[in-house]
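Note that this is a predicted model, so its numbers are computed, not measured.
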Amino acid sequence: MSSLLVIYHFALAKIDSFKFNRYYLLASLAFSLIIPTFQIPSFIPVSAQVNHQIDRIVDQISYNSKEGRQNEIIMAHVEGESNLEVSETTKTVISSKQFGKNSIHIIGYSLISLFFLVVLLFKMNKFKRLVNQNPNIKDYGFTYVLIEEKTSPFVFLHYLFVNAESYHSNQIENEILTHELTHIRQNHSIDILFVELLKVIFWFNPVLWFYKKAIQLNHEFLADKAVNNTYQNRESYQMLLLSKLTNSSNAYAMSSASTFGITKRRLQMMNESTKISKALSIKSLTIISSLFAFLVFSSSSQHLDTLSSLSGSSSVEAYEKLITEALGENTPFTLVLNKLDLENLRTTYNKLNDTEKEEVSEFPFLEAEVFEKLKELQHNEKGINLKFNFKNPPATKTINEEVWQYWKNSKNISLEIDDQPLAHKNLDSYDKTDFSFYEIEEVKPEGTSNDSEFLIKLTTHKHYEEKFFSSKKTLHTISSEYKNGDAIEVLYFTKNSTNQDQKVSSSGNNDKELLIKLFEGLLNHENKSYPDSKDFQIKKPHISSILRKNNEISMINIFKD
């Protein structure tokens, strides 16, 4: 809308092509509404962005980063426990929070739209009451409404509102009547009603107010032109308009205006005479510029690298939508490879800038060689079912009243709320229902040997949602199931780790080679034999995995070499 209005202001608004201008302004509004729905085929190839870094330092193995937590998680997998199952409580929290957030937005938007609709209906009701409560005189194609108020004539739809005394004494100038009747004959009120209805729906868009002003002013130009064409006495009509400036403007006008600034502009345009050739050139240039804007703002403009800065945020949404569509029905943190549109995901990902790539859900398998192996797994004929499991948020916890009172009264505990220390260790300003989650850690106070102190980490509902649901999803494991009953669970969070205490940072190239080897191993698992390596010392970048075969469990480590 803004782009087309700028084109109008700098080109069409300065020439006397008022009829063309009217339809241009209305068409600009209409096209602005439908342009996002058009799908223009991409004709400029998207350059591949192959410099994406896959490296990620694993800051935490799970929500508790204490020493030895990695062993606990691995053992939980070996014993058949899965920390990827989403509890019913967590699912309820997800759905209820999303529903609540969306509901607030919908209710807020609807209330404001309702307000503007009521205002519009109130204005129209004022016209209706004027029509019903005052004498009506029908004429050719319109109706006089004789009102008692001392006001200049004004129109709405096919009604011409005039002062009753002025009408009966024939004091209304013919030029003024012709001006107002032009508004009626050309249905200018319909244009204004169209803009008013758009304001009800798109009240948050201030550009609509500028459109209304431009349309109203152009209506005045059209009516003035009709007067001058009829009476051929421009100077006399201009003096008449200046004399009307002393009258106060009426409170009912929706299609006409009589302020000094508007009248000054009207007088200027009466003196404007644009050559036909110049007007034709400007109109042609306007149409070409509008078509370019149409291409720029069509939904498929996201395919143009040159416009990536305009479509970045929508590309993030498109990327996350593709991820969401491939999630399991009952497992909202499990990505099913066979449901994933890989080509579209990669294309969308390549449109993101470096900052956006760090913020979206983790899927570091889109680099050329790794991507090809992933496609092989998706289209394999062996019936391999591959899933990518994101880190599952911890289930919400309810604080027992007895525990809550102990925390409030105890002096040997420290408190954190939303990852920030609570300086005064005072919970009196909080209620136990203010929190969705808590953790308890036993710590050694400095300067003591035997006494222990507990650190209570509390998480509010808002912070819980931001930390575990609104933030990016991070990969935790990759699971692969085979027709012969075998299953491999790749502990992706152990990638590049040599032991529990040390991480090995590898280059992007090494990471890529490791991922390629991983997918090759998953693809050819049924043809592989695994050596016994219980005593093997792991000193190279690797990914740990769990193999379930014939009801037996064993550990596998994948190395790039």
Side chain to side chain, [X] and [Y], heavy atoms closer than 4.5 Å:
| X | Y | result |
| --- | --- | --- |
| L340 | L335 | yes |
| E343 | F371 | yes |
| T459 | S436 | no |
| T477 | V490 | no |
| L5 | L25 | yes |
| E489 | I478 | no |

Between [Y] and [X], is there a side-chain donor-acceptor contact under 3.5 Å, judged purely by atom types and distance?
| X | Y | result |
| --- | --- | --- |
| S361 | E320 | yes |
| D434 | T460 | no |
| E416 | Q420 | no |
| H476 | N392 | no |
| Y349 | T347 | no |

(request) Answer with yes or no after comparing the ring centroid distance for W407 and Y438 against a 6.0 Å cut-off, counting only values under it. (result) yes

Would you check if the side chain of [X] reaches a backbone N or O of [Y] as a donor-acceptor pair within less than 3.5 Å?
| X | Y | value |
| --- | --- | --- |
| S414 | L455 | no |
| H525 | G521 | no |
| R548 | I553 | no |
| Y211 | S28 | no |
| E439 | K457 | no |
| D486 | Y482 | no |
| H461 | T433 | yes |
| E552 | K549 | no |

(request) Can you see which heavy atom on L327 is nearest to which on K339, and at what distance? (result) O-NZ, 3.0 Å

Under 6.0 Å from the [atom1] atom of [X], do we count more than 12 heavy atoms belonging to anything else shown?
| X | atom1 | answer |
| --- | --- | --- |
| Y430 | OH | no |
| E401 | CD | yes |
| F115 | CZ | no |
| K199 | NZ | yes |

(request) Step by step, work out the side chain to side chain contact (heavy atoms under 4.5 Å, CB included) result for V195 and L29. (result) CA-CA 8 Å; V195 179; L29 290 172; 3.9 Å; yes

(request) Decide yes or no on side chain to side chain contact (heavy atoms under 4.5 Å, CB included) for N338 and Q378, but give the supporting numbers first. (result) CA-CA 6 Å; N338 290 335; Q378 188 178 56; 4.2 Å; yes

Relative to the ring of [Y], is the ring of [X] parallel (under 30°), tilted (30 to 60°) or perpendicular (over 60°)?
| X | Y | answer |
| --- | --- | --- |
| Y464 | F437 | tilted |
| W209 | F116 | perpendicular |
| F388 | F363 | perpendicular |

(request) Start with the C-alpha gap between S479 and N389, add the side-chain angles, then the distance that decides, and say whether side chain to side chain contact (heavy atoms under 4.5 Å, CB included) holds. (result) CA-CA 7 Å; S479 57; N389 305 301; 3.4 Å; yes

(message) For a side chain to side chain contact (heavy atoms under 4.5 Å, CB included) check, start with the C-alpha distance between N344 and L322, then their side-chain angles and the critical distance, and finish with the verdict.
(response) CA-CA 8 Å; N344 201 1; L322 290 169; 3.9 Å; yes

